[in-house]
2 protein chains.
Amino acid sequence: MDNLKNKDYTIDNEQLARFAKAMGHPARITILNFLASMDSCYFGDIHNELPIAKATVSQHLKELKDAGLIQGEIETPKVKYCINRDNWEKAQVYFETFFTDCKPKTTCCN
Amino acid sequence: MDNLKNKDYTIDNEQLARFAKAMGHPARITILNFLASMDSCYFGDIHNELPIAKATVSQHLKELKDAGLIQGEIETPKVKYCINRDNWEKAQVYFETFFTDCKPKTTCCN
DNA sequence: TTCGTAGTTCGCAAAATTACGAACATTAAT
DNA sequence: ATTAATGTTCGTAATTTTGCGAACTACGAA
């Protein structure tokens with residue numbers, strides 16, 4: 001008696017939304033830009049680029065890590081952060097596919 | 001005596017984050033996918049694709065509209081929604097540029 | 001005029017996000 | 001054993017997001 005229409009979101013849409021959400025804050029975009037442009041990417045360097053408290057920076061880094069876009073490793077006494085290449089490319093493909101496949105039809109409003 | 005370091009985010013980073021944030025929910029990704037694939041795109045059709053109440057759908061549509069990714073026009077008694085082509089392409093370029101320019105260096109951790 | 005259709009807006013609640021300072025953990029140097 | 005340096009975690013507060021049902025608006029048809 002499953003009356004409910006099965007209307008869950010697809011895995012792909014969930015994943016793309018997760019990547020997008022992680023990128024949905026200027027501080028996190030700035031972090032990603034910075035990380036991608038740097039060889040050494042310590043917490044302190046990142047903090048220095050941003051107009052926010054270190055606790056907040058730490059939180060943003062955690063979100064990017066949870067989304068899989070970056071990774072961190074301890075390099076005592078510092079913490080070195082980097083882009084996670086595999087997921088970075090995965091994200092790139094997700095966005096590319098999204099924008100490529102989703103060409104608005106010529107018959108649509110505009 | 002402006003002691004504050006000027007550490008605001010760039011316009012571009014703000015804009016990319018705004019697009020990303022708008023895409024940061026599976027319902028909104030689903031909506032964008034659907035709109036891009038359809039010729040006719042009425043509110044009711046969109047609502048039908050989603051597992052959420054119409055009030056919530058309306059809210060998501062408003063957010064996409066505020067971000068500039070879609071537009072709506074009244075076609076009494078319905079409302080026809082569409083991708084906003086100009087901003088759609090703009091968003092595409094933003095994401096492309098982001099992922100292209102931000103290639104992680106080979107000297108980085110992974 | 002009354003009714004039905006199609007959406008939006010309102011009011012509310014629950015949860016998540018953003019932000020901060022203070023406290024804490026870890027390790028190295030004195 | 002202290003102290004300093006580097007980040008993380010905790011506790012808290014303010015705001016935003018997500019979601020719903022109910023009420024509302026606008027319009028056309030009966």
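A, B, ... follow the sequence lines: proteins, then strands. Residue 1 opens every chain.
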Within residues 22-33 of chain A or reaching into it, pairs that qualify as salt bridge (charged side-chain N to carboxylate O under 4.0 Å, His left out) - sequence neighbours excluded: R28(A)-E63(A)
Close residues, residues 10-23 of chain A, relative to DNA chain D [heavy-atom separation under 4.0 Å]: none
Rounded distance in Å - CG (D45(A)) to P (dA5(D)): 16 Å
Heavy-atom closest pair, residues C41(B) and L35(B): CB-CD2, 3.2 Å
Intermediate values then yes/no, side chain to side chain contact (heavy atoms under 4.5 Å, CB included), Y9(B) and L50(A): CA-CA 8 Å; Y9(B) 304 114; L50(A) 300 172; 3.9 Å; yes
Derivation of the side chain to side chain contact (heavy atoms under 4.5 Å, CB included) call for F34(B) and D45(B): CA-CA 9 Å; F34(B) 183 70; D45(B) 303 324; 3.9 Å; yes
Atom-to-atom span, CD1 of I46(A) to C1' of dT6(D) - whole angstrom: 13 Å
Residue pair L69(A) / A91(A): nearest heavy atoms and the distance that separates them: CD2-CB, 4.0 Å
All salt bridge (charged side-chain N to carboxylate O under 4.0 Å, His left out) counterparts of D66(B), not counting sequence neighbours: K62(B)
Considering only distance and modelled atom types, tabulate donor-acceptor pairs under 3.5 Å from the side chains of residues 13-25 of chain B, sequence neighbours left out.
from	atom 1	to	atom 2	distance (Å)
N13(B)	OD1	N33(A)	ND2	3.1
N13(B)	ND2	T30(A)	OG1	3.2
H25(B)	ND1	A27(B)	N	2.9

Phosphate-side-chain proximity, H25(B) and dG19(D), N/O vs OP1/OP2 below 4.0 Å: yes
F43(A) CZ to dT9(D) P, straight-line distance once rounded to whole Å: 11 Å
Heavy-atom pair with the smallest gap, counting every atom of I31(A) and H60(A): CD1-CB, 4.0 Å
Rounded distance in Å - CG (L50(B)) to C1' (dT18(D)): 14 Å
For atom NZ of K78(A) and atom P of dA5(D), their distance in whole Å: 12 Å
I'd like a list of close polar pairs between nucleotides 26-30 of chain D and the protein, N/O only, cut-off under 3.5 Å.
none

DNA chain D contacts made by residues 53-68 of chain B, counting heavy atoms under 4.0 Å: A53(B), A55(B), T56(B), Q59(B), H60(B), E63(B)
Side chain to side chain contact (heavy atoms under 4.5 Å, CB included) partners for K54(B), two or more places apart: F43(B), H47(B)
Qualifying residues under side chain to side chain donor-acceptor pair (under 3.5 Å), relative to N87(B), sequence neighbours excluded: none
Side-chain N,O (Y81(A)) to OP1/OP2 (dT6(D)) below 4.0 Å: no
Joint cluster assignment, Y42(B) & L64(B), ILVMFWY side-chain distance < 4.5 Å: no
Salt bridge (charged side-chain N to carboxylate O under 4.0 Å, His left out) contacts touching residues 90-99 of chain A (sequence neighbours left out): none
Chain B contact limits on DNA chain C, taken 5' to 3' with a cut-off of 4.0 angstrom to heavy atoms: dA6(C) to dT9(C)
From N84(B) atom CG to I70(B) atom CD1, the distance as rounded to the nearest 0.5 Å: 9.5 Å
